[in-house]
Chemist: 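Here's a structure for you.
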Amino acid sequence: MSSSKNYQRILVTSALPYANGPIHLGHLAGAYLPADIYVRYQRLKKRDVVYICGSDEHGVPITIAAEKKKVSPQAIVDEYHLRNKEAFYKFGMSFDYYGRTSSPVHHRTSQEFFLKLMEKGIFKKKTEKQLYDHQAGMFLPDRYVRGECPVCGFADAYGDQCEKCGSSLSPTDLKNPKSALTGQVPELKETMHWYIPLGDFQQRVEAWIASQDDWKSNVLGQVKSWLNQGLADRAVTRDLSWGVKVPLPNAEGKVLYVWFDAPIGYISATKEWAEQLGDPERWKTYWQDQGTKLVHFIGKDNIVFHCIMFPAMLMAHGDYVLPDNVPANEFLNLEGSKLSTSRNYAVWLDDYLTKFEVDPLRYYLATTAPETKDSDFVWMEYLQRNNSELADILGNFINRTLAFTEKRFNGLVPPRGATDQLDEEMLKTLAAAPQVIGDAIERYELRKAVTLLMDVARSANKYFNDQMPWATIKEQPEKCATTLNICLNICAHLALLMAPVLPFSAQKLWRMLGLDGDVNEQGWDDLKIDQLPPRHKLGDLYILFRKMEESEIEPEIERLRQAKAQLNNAPAAPAVEESPKISIEQFGQVQLRVAKVLAAEKVAKADKLLQLQIQIGEETRQIVAGIALHYQPEEMIGKKIIVVANLQPATVRGIESNGMLLAAQDENGHFALLGLDRDVEAGGRAR
RNA sequence: GGCGGCGUAGCUCAGCUGGUCAGAGCAGUGGAAUCAUAAUCCACGUGUCCGGGGUUCGAAUCCCUGCGCCGCUACCA
């Protein structure tokens with residue numbers, strides 16, 4: 001197992017968040033919170049660990065956002081860099097350094113990386129024809145080309161995708177293409193780019209992946225899927241003004257492709273961290289010494305970049321260590337639906353922070369992290385977890401222990417006398433806890449770790465109950481003192497054990513116990529069972545985890561409910577009034593006919609398509625219809641349907657279609673075929 | 001369509017390389033206790049372990065196949 005390697009230091013990264021929008025819960029649950037818990041734990045273990053993150057500030061979406069707002073790309077990234085950095089900080093993210101890819105160090109680092117691969121002759125150059133806007137004097141990224149969708153005829157489709165029908169396109173597919181910048185008709189022009197031939201690295205990547213026996217199955221699965229398809233050449237540069245300039249003569253207007261420079265951001269941020277420490281060469285130890293355990297925390301959308309492309313880049317360069325693990329998480333849903341940032345169906349971190357406490361969110365996200373499959377954030381569950389676990393089990397144990405000590409022992413830790421079997425069992429459980437919980441964290445099983453933590457509090461409550469100190473105080477005061485001594489020391493241990501997940505509450509508890517310093521600077525294995533010695537004076541007692549009321553989260557649930565309703569309605573209710581009116585003559589040109597389905601079969605290699613043989617009067621013809629998701633071929637046979645009979649023929653997936661069937665769609669996207677409320681001969685005209 | 005992940009009690013999920021694996025938490029029912037944030041503790045369950053084949057002395061756990069959900073990818077009048 002590679003985790004048993006003798007590493008001397010750990011370098012942890014979380015995916016660089018893209019600086020064109022705020023952070024939401026999905027980000028946190030996938031790439032940030034798990035990493036932070038892992039890192040906080042490693043620090044308590046006194047391991048040499050550095051945690052790096054930063055803003056990813058290049059790429060086309062940022063330039064588009066800038067265009068829209070009529071500001072510079074720099075202004076966009078400045079805003080979100082600060083905003084996200086601030087929100088992360090408040091959420092307790094303990095980055096050692098939070099950098100940004102627009103920094104000079106990053107530009108220089110990326111350029112040096114590029115030049116190194118260049119010198120080693122890794123790249124291929126290729127010339128292609130791409131759309132060029134003369135007025136703007138630049139090649140247009142896919143998203144900057146608008147035009148008519150060749151698939152559905154939508155007039156304002158993007159060059160990479162049609163928003164209306166969802167088709168993925170290439171800019172040259174569009175009819176009547178226009179530049180989104182100037183409205184000019186772009187022209188095809190030759191342009192040259194550098195490509196990394198990933199295929200050359202296929203074997204090395206495969207061998208490296210094959211040696212990983214402790215990676216998550218979902219990660220390995222994704223990677224193998226890519227490898228099976230074979231790795232192709234991939235452009236590392238593109239024509240754009242925003243980004244890291246290609247550091248060569250005659251490369252005007254060319255920048256590094258954002259997928260290439262973004263992961264290098266981990267390296268440049270580490271450099272800046274080292275500089276800040278006044279030890280500028282120190283980054284090399286972390287990136288270039290084989291004693292480093294490199295761990296990338298990411299969401300599953302990033303697997304291919306961190307498990308194939310970046311490692312291939314690192315291999316190509318030759319001086320760097322490869323990741324020891326990439327514990328990618330799946331996605332977090334919200335109240336049963338996918339998050340949608342564009343439709344504001346999300347819980348934004350900075351918004352959350354203005355209303356609620358941090359630790360309950362960290363706790364709930366940790367228990368529901370999408371480790372093995374997509375999971376769901378549900379506000380009511382968040383509330384229940386907070387109330388029944390943090391408050392009732394953990395918080396209440398602390399409270400009953402401290403309150404009892406306050407009342408019966410004047411807030412002084414009582415001495416521990418002779419122990420009985422229950423005491424010994426409890427002490428044993430407590431002594432084992434750091435190891436057990438730590439092992440789970442080492443294996444990136446955060447949900448498990450949190451459960452184990454709560455189990456300690458559960459056994460503590462049971463222990464308190466079974467020892468009945470409220471009864472023994474009367475006849476066996478020494479026994480009562482022993483019980484409370486142990487309970488108090490359990491509290492001290494809990495403060496430490498909960499520190500990675502609940503750093504703020506852990507520190508509050510540490511103070512409440514009358515302990516000095518920072519709990520986050522203790523040693524995970526150093527806590528003594530007499531951490532709180534007899535006669536130690538406790539601090540001020542207060543409620544550590546407040547219970548929450550349903551009324552507090554009700555507005556959040558309601559907001560999401562409305563956002564979801566809009567989400568469903570938007571595509572389902574196209575505004576009739578927006579379409580221009582047509583005359584009766586125009587309508588007359590559309591020939592609607594009743595048709596009988598004679599035969600139906602699925603179109604091979606297409607999910608949605610049915611190939612239908614239909615009869616219209618005497619005539620038999622073939623049409624292709626996109627209804628396979630909702631109608632089985634068998635159930636179509638014999639049906640009377642309405643078709644547009646005089647539509648221009650088209651070829652779909654190589655099959656000729658002579659007409660179009662009519663169907664309505666409900667808000668869930670389900671089809672309902674138009675039919676007749678009494679039988680009419682096939683061929684009958686509908687009007 | 002290709003590839004991958006997942007499909008276990010009402011809910012959320014553990015169950016690694018086959019042999020106390022049929023489990024935990026929550027919710028529900030009954031009880032104990034009263035130090036504590038109306039908190040805690042104990043007892044109790046119906047599960048065709050998605051369906052169907054197969055390998056094996058033995059499979060939730062391995063193989064094949066079907067179905068469903070999710071994702072990547074292709075395609076999508």
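A, B, ... follow the sequence lines: proteins, then strands. Residue 1 opens every chain. What's counted below: heavy atoms across the whole structure, side chains too, no hydrogens, waters or symmetry copies. For clarity, every value in this text was computed on a predicted model and none was experimentally measured.
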Chemist: Could you tell me how far B:A9 sits from B:C21 if I compare only their C1' atoms? Round to whole Å.
Modeler: 14 Å
Chemist: Rounded to whole Å, how long is the line connecting atom NZ of A:K224 with atom C1' of B:G4?
Modeler: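 Going from A:K224 (NZ) to B:G4 (C1'), I get 11 Å.
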Chemist: If we take the P atom in both B:C11 and B:G47, what is their distance in whole Å?
Modeler: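 To the nearest whole Å, 15 Å.
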Chemist: With C1' as the reference atom in both, quote the distance from B:G19 to B:U12 in angstrom, rounded to an integer.
Modeler: 29 Å
Chemist: Quick one about A:E357 and A:N386 (side-chain donor to acceptor, distance below 3.5 Å, no hydrogens or angles considered), yes or no?
Modeler: no
Chemist: Could you check which nucleotide pairs with B:G18 in any of the strands shown, counting Watson-Crick or G-U wobble with both distances under 3.5 Å?
Modeler: none
Chemist: How close or far is atom P of B:C26 from atom CE of A:M454, stated in whole angstroms?
Modeler: 11 Å
Chemist: For atom P, what is the distance between B:G15 and B:C62, given to the nearest Å?
Modeler: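 These two P atoms come out 13 Å apart once rounded.
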Chemist: Would you check if there is a donor-acceptor pair between the side chains of A:R385 and A:T367 at a distance under 3.5 Å?
Modeler: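 Distance-only check passes for A:T367 and A:R385.
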Chemist: Determine the interatomic distance between C1' on B:U46 and the same-named atom on B:G28; round to the nearest Å.
Modeler: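 Roughly 13 Å separates the two C1' atoms.
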Chemist: Find the partner of B:C49: check Watson-Crick (N1-N3 plus N6-O4 or O6-N4) and G-U wobble (N1-O2, O6-N3) distances, both under 3.5 Å, and reply none if neither fits.
Modeler: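 Paired with B:C49, as far as the under-3.5 Å criterion goes, is no nucleotide at all.
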Chemist: Examine the side chains of A:Y345 and A:E335 and answer whether a donor and an acceptor come within less than 3.5 Å of each other.
Modeler: no
Chemist: If I pick the P atom on B:U8 and the same atom on B:A60, what distance separates them, to the nearest angstrom?
Modeler: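 About 15 Å, rounded to a whole number of Å.
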Chemist: Distance check needed: B:A74 C1' versus A:W226 CH2, whole Å only.
Modeler: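 These atoms are roughly 12 Å apart.
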Chemist: Whole angstrom is fine here: how far is it from CD in A:E389 over to P in B:U12?
Modeler: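 Interatomic distance, CD of A:E389 to P of B:U12: 16 Å.
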Chemist: Expressed as a whole number of Å, how far does the C1' atom of B:C67 sit from that of B:C26?
Modeler: 30 Å
Chemist: Show me the pairs that pass ring-ring contact (aromatic ring centres under 6.0 Å, His included) and involve residues 447-492 of chain A, at least two apart or across chains.
Modeler: none
Chemist: Measuring only between side-chain heavy atoms, which start at C-beta, is A:K479 closer than 4.5 Å to A:T482?
Modeler: no
Chemist: Measuring only the C1' atom in each nucleotide, how far is B:A22 from B:U61? A whole number of Å is fine.
Modeler: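 It comes out at 12 Å once rounded to the nearest Å.
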Chemist: Check whether the side chains of A:N465 and A:R400 place a donor and an acceptor atom closer than 3.5 Å, and report yes or no.
Modeler: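 Result is yes, a qualifying pair exists.
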Chemist: Looking at side-chain heavy atoms only, is the closest gap between A:L334 and A:V347 below 4.5 Å?
Modeler: yes
Chemist: Pairing check on B:G58: which nucleotide meets the Watson-Crick or G-U wobble criteria with it, both distances under 3.5 Å?
Modeler: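 By the stated definition (distances under 3.5 Å), nothing pairs with B:G58.
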Chemist: Could you let me know what B:G25 is paired to, Watson-Crick or G-U wobble, both distances under 3.5 Å, or none if it's on its own?
Modeler: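 Paired with B:G25, as far as the under-3.5 Å criterion goes, is B:C11.
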Chemist: Any strand is fair game: report the nucleotide pairing with B:A39 by Watson-Crick or G-U wobble, both distances under 3.5 Å, or none.
Modeler: none
Chemist: To the nearest Å, give me how far apart CD1 (A:I298) and P (B:C72) are.
Modeler: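 Roughly 14 Å, once rounded to whole Å.
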Chemist: Would A:Y364 and A:L390 count as a side chain to side chain contact (heavy atoms under 4.5 Å, CB included) if you check the C-alpha gap in whole Å, the side-chain angles of each, and the deciding distance to 0.1 Å?
Modeler: CA-CA 10 Å; A:Y364 177 57; A:L390 283 184; over 6 Å; no
Chemist: Would you give the length of the straight line joining atom CG of A:L198 to atom CH2 of A:W226, rounded to the nearest 0.5 angstrom?
Modeler: 9.5 Å
Chemist: Please tell me which of A:Q384 and A:E381 maps to the more 5' nucleotide of RNA chain B, matching each residue to the nucleotide holding its nearest heavy atom.
Modeler: A:E381
Chemist: So which of residues 476-495 of chain A are in contact with RNA chain B, with a heavy-atom cut-off of under 4.0 Å?
Modeler: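 None - not one residue of the stretch has a heavy atom sitting under 4.0 Å from the strand.
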Chemist: Tell me the interatomic distance from A:K216, atom NZ, to B:G5, atom P, rounded to whole angstroms.
Modeler: 14 Å
Chemist: Expressed in angstrom and rounded to an integer, what is the separation of A:L446 atom CG from B:U12 atom P?
Modeler: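 So the CG-P distance, A:L446 to B:U12, works out to 21 Å.
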Chemist: Any cation-pi pair here, A:K300 with A:F331, using under 6.0 Å and within 45°?
Modeler: yes
Chemist: Check the orientation of A:W379 and A:F356. Use parallel for under 30°, tilted for 30 to 60°, and perpendicular for over 60°.
Modeler: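 Taking A:F356 first and then A:W379, their aromatic rings sit tilted (interplane angle of 30° to 60°).
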Chemist: Suppose we define a pair by two distances each less than 3.5 Å, Watson-Crick or G-U wobble; what does B:G4 pair with here?
Modeler: B:C70
Chemist: In whole angstroms, how far is the C1' atom of B:C69 from the CG atom of A:N333?
Modeler: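 So the two atoms are 11 Å apart, to the nearest Å.
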Chemist: So which one's nearest nucleotide on RNA chain B is more toward 5', A:E330 or A:D301?
Modeler: A:E330
Chemist: Treating primed atoms plus P, OP1 and OP2 as sugar-phosphate and everything else as base, which nucleotides of nucleotides 34-40 of chain B get B, S or - for protein heavy atoms under 4.0 Å?
Modeler: SBBB-SB
